[in-house]
Amino acid sequence: MRRVPPEMFRFTIGEKADLNGAVLEAFGVAGEHLETALGLDGVREQLRAVGWVADLADEELYDALKRLVGWGLLDVVHNHAEHYRTAEEYERRNLHYSLTRRGEAALAGVRHALEVLASTGALQTAVLEAITDRLDELTVLSGEPATADRRILSTLRELEGHLEALVENTKAFNGQLQRLLRAEGADLDVFREVKAATVTYLQEFLVNLDRRGEAVAEAVGRVEERGIAVLRERALRGAELPPVPGEDPAAGWLESRRARWAGLRAWFLPDDGTHPRIEQLHDIARRAIVSLLQVLERINESRRRSSSAVQDFRELARWFAAASEEDDLHRLWSAAFGLGSARHAHLAHPDPELIPSSRSWSEAPPVEVSALLRTSGRTERFTRTGKVRDVEAVRAERAERARAQRAELARAWQALELDGPVRLSSFGTLDPAVFDRLLDLLGRALATSPDASGLWRATSGDGRVEIVLAPPPDTRTAVLHTEKGTLAGPDYVVHVVAAGGTAAFPAPHTATRQEAAG
């Protein structure tokens with residue numbers, strides 16, 4: 001972002017900020033009436049037009065104008081075209097002030113900032129339809145003669161205006177929507193109504209949004225088929241830009257048009273294959289609906305506030321105070337807390353006759369209490385030890401299965417280990433186990449990078465077998481058949497050896513055993 005010139009917005013702060021802003025606004029209003037320069041009397045008149053009603057001395061107004069001139073927002077010139085009858089009239093009418101480019105930019109910036117603060121975003125489907133209509137109109141105008149250049153210009157500017165309105169309103173609404181999702185209103189009723197209305201608003205906007213976005217993308221494609229560069233050139237001729245000293249304004253004008261068109265494509269038909277921003281808006285709206293519904297659910301749950309523990313105990317205390325008999329108090333206590341006698345109270349001494357019934361519990365010997373009473377409410381029950389399982393049969397079965405797997409693996413390696421390199425097609429029909437091993441070795445080899453000689457090398461998972469793979473010398477296709485199906489692919493040159501083998505791999509053009517046999 002380019003840096004803002006220093007002191008450009010200094011007029012908005014300080015004790016005289018109101019007067020400085022009013023004076024600058026007075027020049028802006030005068031410019032709207034095509035008055036480019038104002039004297040002291042003209043400034044006073046425009047101040048009354050913008051609503052400044054306070055009394056203002058000449059010296060105070062001169063100071064305000066001097067400050068704005070010092071900050072580069074106003075320019076002052078001597079008016080030599082007038083005729084002055086008195087010295088006082090010369091002093092009042094000699095100096096004329098006008099907005100500089102920096103002053104115009106500062107005034108426009110403040111106006112835009114105030115407009116953004118006061119505005120609310122909106123999602124308008126009518127803008128999407130207007131964009132489609134303008135694109136279709138450009139498609140029609142591209143086939144008309146040169147007399148339509150001005151119409152092409154006006155249509156193109158209308159299209160850019162609609163796109164700018166779509167972008168600005170969407171950004172503003174998205175910011176407002178995110179603030180709404182984070183906000184917690186003081187008045188739950190009003191807050192709930194706002195969120196519910198927003199959900200309805202979003203749902204109505206999402207209806208046929210995909211269809212409208214696709215319609216705009218198709219219209220963009222139709223315009224580009226006619227030649228968007230030619231349309232821009234014709235619009236430039238229709239713009240009739242005035243000559244200015246220095247650089248040709250046509251280059252900047254065309255670059256601005258290209259940037260606007262790139263923004264249109266980013267929203268509906270991106271060049272880089274990414275998702276259009278209109279789809280991102282669709283996702284944001286759907287997520288916002290879900291979030292708002294969740295917030296509404298929490299608000300509804302908070303309105304059904306359950307009684308707290310403090311209120312429960314206070315109500316229970318009132319019931320205790322209102323109980324008429326002691327038995328009612330005990331029943332109420334039992335119903336409220338569910339407490340009974342201790343679960344170990346039934347336990348007795350191994351020889352109860354040794355303990356007189358008159359002895360106090362504090363003097364009686366202790367009784368062992370099971371630790372399971374705390375967790376399960378039951379004491380230990382001692383039974384016979386469970387029978388130890390005989391695992392000899394399971395162990396024998398596992399050993400037999402391991403031997404079978406080793407034998408199958410040995411047969412597979414034996415079938416794959418050949419005297420020298422062969423073409424992949426020479427294997428022909430394979431047993432499923434052999435095919436699985438070969439396919440695993442091929443996958444491991446092709447997953448690595450070729451070495452300096454252009455060969456792929458890999459070993460099996462147990463490190464016992466090594467495969468060396470060379471690229472096929474021709475375009476032949478290898479077809480391998482198994483009971484499970486058929487595999488077709490490039491006819492690589494394959495050499496499977498025991499890991500650490502010293503067999504040399506011949507050049508790719510050397511004839512294989514199958515080719516020699518053929």
**Message:** When you compare the side chain of Thr12 with that of Val110, does any pair of heavy atoms fall below 4.5 Å?
**Reply:** yes

**Prompt:** Would you say Arg398 has more than 12 foreign heavy atoms packed within less than 6.0 Å of its CZ?
**Reply:** no

**Asked** Salt bridge check: are Arg134 and Glu137 linked by an N-O gap of less than 4.0 Å?
**Response** yes

**Asked** Are the side chain of Thr155 and the backbone N or O of Leu138 linked by a donor-acceptor pair below 3.5 Å?
**Response** no

**Prompt:** Do the non-hydrogen side-chain atoms of Arg423 and Asp474 ever get within less than 4.5 Å of each other?
**Reply:** yes

**Request:** List the atom of Gly28, the atom of Leu99, and the distance in Å for their closest heavy-atom pair.
**Result:** N-CD1, 4.1 Å

**Message:** Under a 4.0 Å threshold between the charged nitrogen and the carboxylate oxygen, would Arg157 count as salt-bridged to Glu160?
**Reply:** yes

**Asked** If you look at every heavy atom in Gly72 and Thr100, which pair is closest and at what distance?
**Response** O-OG1, 2.6 Å

**Request:** Using the six-membered ring wherever Trp is involved, compare the ring planes of Phe337 and Phe313 and label them parallel, tilted or perpendicular (cut-offs 30° and 60°).
**Result:** parallel

Contacts under 3.5 angstrom, residues 260-271 side chains, donor-acceptor by atom type, not counting sequence neighbours:
{"unit_1": "Trp261", "atom_1": "NE1", "unit_2": "Glu224", "atom_2": "OE2", "d": "2.9"}
{"unit_1": "Arg265", "atom_1": "NE", "unit_2": "Leu269", "atom_2": "O", "d": "3.3"}
{"unit_1": "Arg265", "atom_1": "NE", "unit_2": "Asp271", "atom_2": "OD1", "d": "2.5"}
{"unit_1": "Arg265", "atom_1": "NH1", "unit_2": "Glu224", "atom_2": "OE1", "d": "2.5"}
{"unit_1": "Arg265", "atom_1": "NH1", "unit_2": "Glu224", "atom_2": "OE2", "d": "2.5"}
{"unit_1": "Arg265", "atom_1": "NH2", "unit_2": "Leu269", "atom_2": "O", "d": "3.2"}
{"unit_1": "Arg265", "atom_1": "NH2", "unit_2": "Asp271", "atom_2": "OD1", "d": "2.6"}

**Complete:** Asp431 meets the salt bridge (charged side-chain N to carboxylate O under 4.0 Å, His left out) criterion, sequence neighbours left out, with none

**Fill in**
In this structure, CD of Glu144 is separated from CZ of Arg151 (nearest 0.5 Å) by 5.0 Å

**Item:** Distance, nearest 0.5 Å, that separates CD of Glu466 from CZ of Arg444
**Value:** 13.0 Å

**Asked** Okay, side chain of Asp491, backbone of Ser425: is any donor-acceptor separation there less than 3.5 Å?
**Response** yes

**Asked** When rounded to the nearest 0.5 angstrom, what is the spacing between CG in Leu128 and CG in Leu163?
**Response** 10.0 Å

**Request:** Locate the shortest heavy-atom distance separating Ala235 from Leu156; write the atom from each residue and the value.
**Result:** CB-CD2, 4.0 Å

**Message:** For a 4.5 angstrom cut-off between non-hydrogen side-chain atoms, does Val230 reach Ser142?
**Reply:** no

**Request:** Check Pro472 against Pro490 and note the closest heavy-atom contact, atom names and distance.
**Result:** CG-CB, 4.3 Å

**Asked** Hey, is the main chain of Leu254 close enough, under 3.5 Å, to the side chain of Arg232 for a donor-acceptor pair?
**Response** no

**Request:** Report yes if some heavy atom in the side chain of Val494 is under 4.5 Å from a heavy atom in the side chain of Leu469; otherwise report no.
**Result:** yes

**Message:** Checking Thr132 against Glu218 for the side chain to side chain contact (heavy atoms under 4.5 Å, CB included) test, could you report, in this order, the C-alpha distance in whole Å, the side-chain angles of both residues, the deciding distance, and whether it holds?
**Reply:** CA-CA 9 Å; Thr132 305; Glu218 294 173 357; over 6 Å; no

**Fill in**
In terms of heavy-atom contacts, Thr448 and Arg457 come closest through OG1-O, 3.5 Å

**Message:** Distance check, rounded to the nearest 0.5 Å: Ile152 atom CD1 versus Arg234 atom CZ?
**Reply:** 3.5 Å

**Asked** What heavy-atom pair brings Arg150 and Gly238 nearest, and what distance separates the two atoms?
**Response** CG-O, 4.0 Å

**Message:** Heavy-atom count check: over 12 atoms from other residues, nucleotides or ligands less than 6.0 Å from Arg211 CZ?
**Reply:** yes

**Prompt:** Between Leu438 and Leu442, is a side chain to side chain contact (heavy atoms under 4.5 Å, CB included) present by the stated rule, with each step listed?
**Reply:** CA-CA 6 Å; Leu438 177 60; Leu442 290 174; 4.2 Å; yes

**Request:** Measure the spacing between CG of Leu439 and CG of Leu487 and express it to the nearest 0.5 Å.
**Result:** 6.5 Å

**Asked** To the nearest 0.5 Å, how far apart are CD in Glu129 and CZ in Arg212?
**Response** 5.0 Å

**Message:** Treating Ser256 as the side-chain partner and Trp253 as the backbone partner, does any N or O pair qualify as donor plus acceptor under 3.5 Å?
**Reply:** no

**Request:** Mind checking side chain to side chain contact (heavy atoms under 4.5 Å, CB included) for Glu397 and listing every partner two or more places apart, or none if nothing turns up?
**Result:** Arg401

